Amino acid sequence: MVFFRVPQHLWRDYNWQIKNRIKTIEELQKFIILTREEIEGIKRTQGLYPMAITPYYLSLIDPEDPNDPIRLQAIPRAVEVEEEVQKFGEPDALREEGEIPGLTHRYPDRVLMTVTTFCAVYCRHCMRKRIFAEGERARTKEEIDRMLDYIKEHEEVRDVLISGGEPLSLGNEKLRYILSKLREIKHVEIIRFGTRLPVLAPQRFFDEELLDILEEHSPIWINTHFNHPKEITELSQEAVDKLLRRGIPVNNQTVLLKGVNDDPRVMLELMRGLLRIKVKPQYLFHCDPIRGAVHFRTTVDKGMEIMRYLRGRISGMGIPTYAVDLPGGKGKVPILPNYIIEREGDRFVFESFTGEAVEYVINEPV
Ligand SMILES: *Cc1c(COP(=O)(O)O)cnc(C)c1O
């Protein structure tokens with residue numbers, strides 16, 4: 001894109017990227033000829049589902065292509081607020097909001113902490129779209145302490161998932177505080193960050209102090225969110241590499257999105273690209289029924305077709321678990337294409353990766 005004649009040292013500066021986020025029609029029109037649907041979308045989503053796009057993420061858009069996959073994820077469209085979309089889904093379909101603000105304790109061994117409503121980019125398909133309207137606010141120390149107290153009191157919690165908003169948008173000192181307090185709790189074994197910064201503003205990971213903090217509180221894992229091969233760039237690769245060198249594994253959660261990645265070949269290219277940068281594809285989520293985002297949903301048949309296509313074309317390492325998150329907070333469930341064509345007792349007929357029916361009698365081990 002022509003626009004960014006910005007010196008390298010600024011382009012590589014996370015704070016510059018955040019300070020220069022594009023939030024208005026006028027700014028955006030300097031770079032892209034907006035469609036009527038987008039202009040109307042930006043106007044009508046104001047206050048409800050606002051827009052913000054880092055210059056870096058914007059630079060990945062092909063301005064000539066109205067269906068560019070980055071564009072669809074970042075630029076509001078009027079459909080988000082139209083009746084046909086608004087009448088489906090719920091703001092909090094997965095019942096994340098509970099007694100303690102910011103804390104969701106769904107599975108016995110894991111809790112989810114949401115520590116801020118701020119995000120580098122407000123993804124149009126966000127599962128927490130309901131929080132956009134709250135403005136950009138990090139949780140206070142008191143709110144954080146309340147969550148930490150809960151975790152301290154619940155010895156069954158071994159795994160803490162810190163999300164947002166964008167959790168790594170918090171300043172280093174606040175992150176250090178949360179991590180050191182969590183590490184004082186003996187039963188907390190694993191800490192994970194759900195962060196999209198490797199995709200939206202990878203420059204955050206060029207901060208050696210942040211990397212030091214993460215490394216000091218090991219074991220820490222990163223769950224990130226690449227949705228399209230175009231998001232795999234030199235800079236995102238550099239960010240991932242910095243994390244891996246500090247002993248922080250990076251796993252990916254893709255969301256199946258209509259028009260963005262609901263194509264077997266695109267998904268294969270994404271998974272191959274992720275393996276190339278040593279990111280493990282963990283989940284492929286079916287898009288949740290979130291109010292204001294249901295226009296991104298496709299069918300479960302499409303998801304299964306994609307999973308079938310991947311098998312045999314990429315290493316098992318590159319195949320994510322396709323899953324739906326059940327409504328009402330009932331948890332995630334994996335969905336697999338069916339490879340058992342017939343079964344009678346020990347006699348199975350399987351479908352091989354080439355589509356061949358193969359009989360296999362599997363006896364009980366002697
Ligand atoms: C998804 C989720 C988790 C983590 O689940 P994993 O399968 O371990 O990644 C934890 N808590 C909540 C509320 C979740 O939605």
Side-chain angles (χ1 to χ4, degrees), residues 1-86 117-126 128-129 131-136 165-166 169 196-197 199-204 225-236 255 257-261 266 291-296:
M1 200 178 275
V2 275
F3 82 102
F4 295 115
R5 299 223 177 79
V6 174
Q8 271 294 304
H9 74 278
L10 291 180
W11 191 251
R12 292 178 60 85
D13 179 349
Y14 171 75
N15 292 321
W16 184 90
Q17 290 288 338
I18 295 300
K19 213 166 61 200
N20 289 283
R21 289 186 306 162
I22 289 88
K23 294 179 178 174
T24 65
I25 294 177
E26 295 69 35
E27 289 170 286
L28 194 52
Q29 274 176 330
K30 288 183 200 156
F31 309 115
I32 290 185
I33 300 168
L34 296 171
T35 64
R36 193 174 306 171
E37 166 82 1
E38 287 167 336
I39 292 172
E40 216 191 305
I42 297 167
K43 285 183 186 156
R44 289 177 58 194
T45 55
Q46 259 174 32
L48 182 60
Y49 308 131
M51 170 178 79
I53 312 172
T54 56
Y56 165 79
Y57 199 57
L58 186 64
S59 77
L60 305 184
I61 295 178
D62 171 0
E64 308 289 319
D65 179 5
N67 295 315
D68 179 278
I70 311 293
R71 180 174 189 147
L72 294 180
Q73 291 180 75
I75 301 179
R77 281 172 290 156
V79 63
E80 293 177 34
V81 288
E82 267 156 20
E83 167 81 17
E84 73 208 66
V85 161
Q86 282 288 313
T117 60
F118 178 95
C119 245
V121 173
Y122 292 104
C123 300
R124 308 326 298 173
H125 59 276
C126 183
R128 304 215 175 93
K129 222 167 161 158
I131 70 177
F132 291 12
E134 294 172 24
E136 298 182 327
E166 176 48 68
S169 69
R196 207 182 183 200
L197 286 182
V199 179
L200 306 174
Q203 295 84 350
R204 179 70 176 104
H225 179 41
F226 284 90
N227 280 335
H228 193 277
K230 278 185 79 171
E231 293 167 345
I232 301 172
T233 65
E234 272 177 38
L235 289 187
S236 61
V255 181
L257 299 172
K258 187 151 71 186
V260 174
N261 60 16
V266 170
R291 183 167 302 160
V294 295
H295 52 296
F296 282 110

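Remember, it's a predicted structure, so these values are computed and weren't measured experimentally.
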Test item: Asn261 side-chain N/O and Leu257 main-chain N/O as donor-acceptor pair under 3.5 Å: yes

Donor-acceptor side-chain pairing of Glu231 and Tyr57 below 3.5 angstrom: yes

Partner set under side chain to side chain contact (heavy atoms under 4.5 Å, CB included) for Glu84, not counting sequence neighbours: Val79, Glu82

Ionic contact status for Glu136 with Arg21, cut-off 4.0 Å: yes

Test applied, side chain to side chain donor-acceptor pair (under 3.5 Å); reference residue, Glu40; option that passes from Arg44, Arg36, Lys43: Arg44

Ile70, Asn20, Ile61, Leu58 screened by side chain to side chain contact (heavy atoms under 4.5 Å, CB included) with Ile53, the one that passes: Leu58

Heavy-atom pair of closest approach, residues Phe118 and Ile18: CZ-CG2, 3.7 Å

Minimum-distance pair of heavy atoms, taken over all atoms of Val260 and His228: O-CD2, 3.1 Å

Side-chain donor or acceptor of Arg291 paired with backbone N/O of Gln86 under 3.5 Å: yes

Validation row: Phe31, Ile22 side chains within 4.5 angstrom (heavy atoms): yes

Gap between atom NE2 of His125 and atom CG of Asn227 - 0.5 Å precision: 4.5 Å

Any residue meeting side chain to side chain contact (heavy atoms under 4.5 Å, CB included) with Asp65, in chain and number order, not counting sequence neighbours: Asp62, Asn67, Asp68

Contacts of type side chain to side chain contact (heavy atoms under 4.5 Å, CB included), residue Pro202, not counting sequence neighbours: Tyr56, Leu235, Ala239

Spacing of Arg12 atom CZ and Leu10 atom CG [to the nearest 0.5 Å]: 12.0 Å

Test side-chain contact (heavy atoms from CB on, under 4.5 Å) applied to Leu34 and Ile42, step by step: CA-CA 10 Å; Leu34 296 171; Ile42 297 167; 4.0 Å; yes

Smallest separation among heavy atoms of Pro63 and Ile32, with atom names: CB-CG1, 4.2 Å

Closest heavy-atom pair and its distance - Arg71, Ile33: NH2-O, 3.2 Å

Atom pair CD (Glu26) and CG (Leu28), whose distance is rounded to the nearest 0.5 Å: 9.5 Å

Nearest heavy atoms of Leu197 and Ala120, plus distance in Å: CD2-CB, 3.8 Å

Atom pair SG/NE2 of Cys123 and His225 - distance to nearest 0.5 Å: 5.5 Å

Pair Ile25-Met51, side-chain contact (heavy atoms from CB on, under 4.5 Å): steps then yes or no: CA-CA 10 Å; Ile25 294 177; Met51 170 178 79; 5.8 Å; no

Distance, nearest 0.5 Å, that separates CD of Gln29 from CD of Glu38: 10.0 Å

Minimum-distance pair of heavy atoms, taken over all atoms of Pro66 and Leu72: O-CD2, 4.2 Å

Pair Gln203-Thr54, side-chain contact (heavy atoms from CB on, under 4.5 Å): steps then yes or no: CA-CA 11 Å; Gln203 295 84 350; Thr54 56; over 6 Å; no

Sidechain-backbone polar pair: Lys129 side chain, Gly292 backbone, donor-acceptor under 3.5 Å: yes

All ring-ring contact (aromatic ring centres under 6.0 Å, His included) counterparts of His295, not counting sequence neighbours: none

Exam field: side chain Thr117 to backbone Gly135, donor-acceptor pair closer than 3.5 Å: yes

Side chain to side chain contact (heavy atoms under 4.5 Å, CB included) involving Thr45 - partner list, sequence neighbours excluded: Tyr49, Pro76, Glu80, Val81, Arg124

Worked check of side-chain contact (heavy atoms from CB on, under 4.5 Å) between Arg196 and Phe226: CA-CA 8 Å; Arg196 207 182 183 200; Phe226 284 90; over 6 Å; no

Phe132: partners by ring-ring contact (aromatic ring centres under 6.0 Å, His included), with sequence neighbours left out: Tyr122

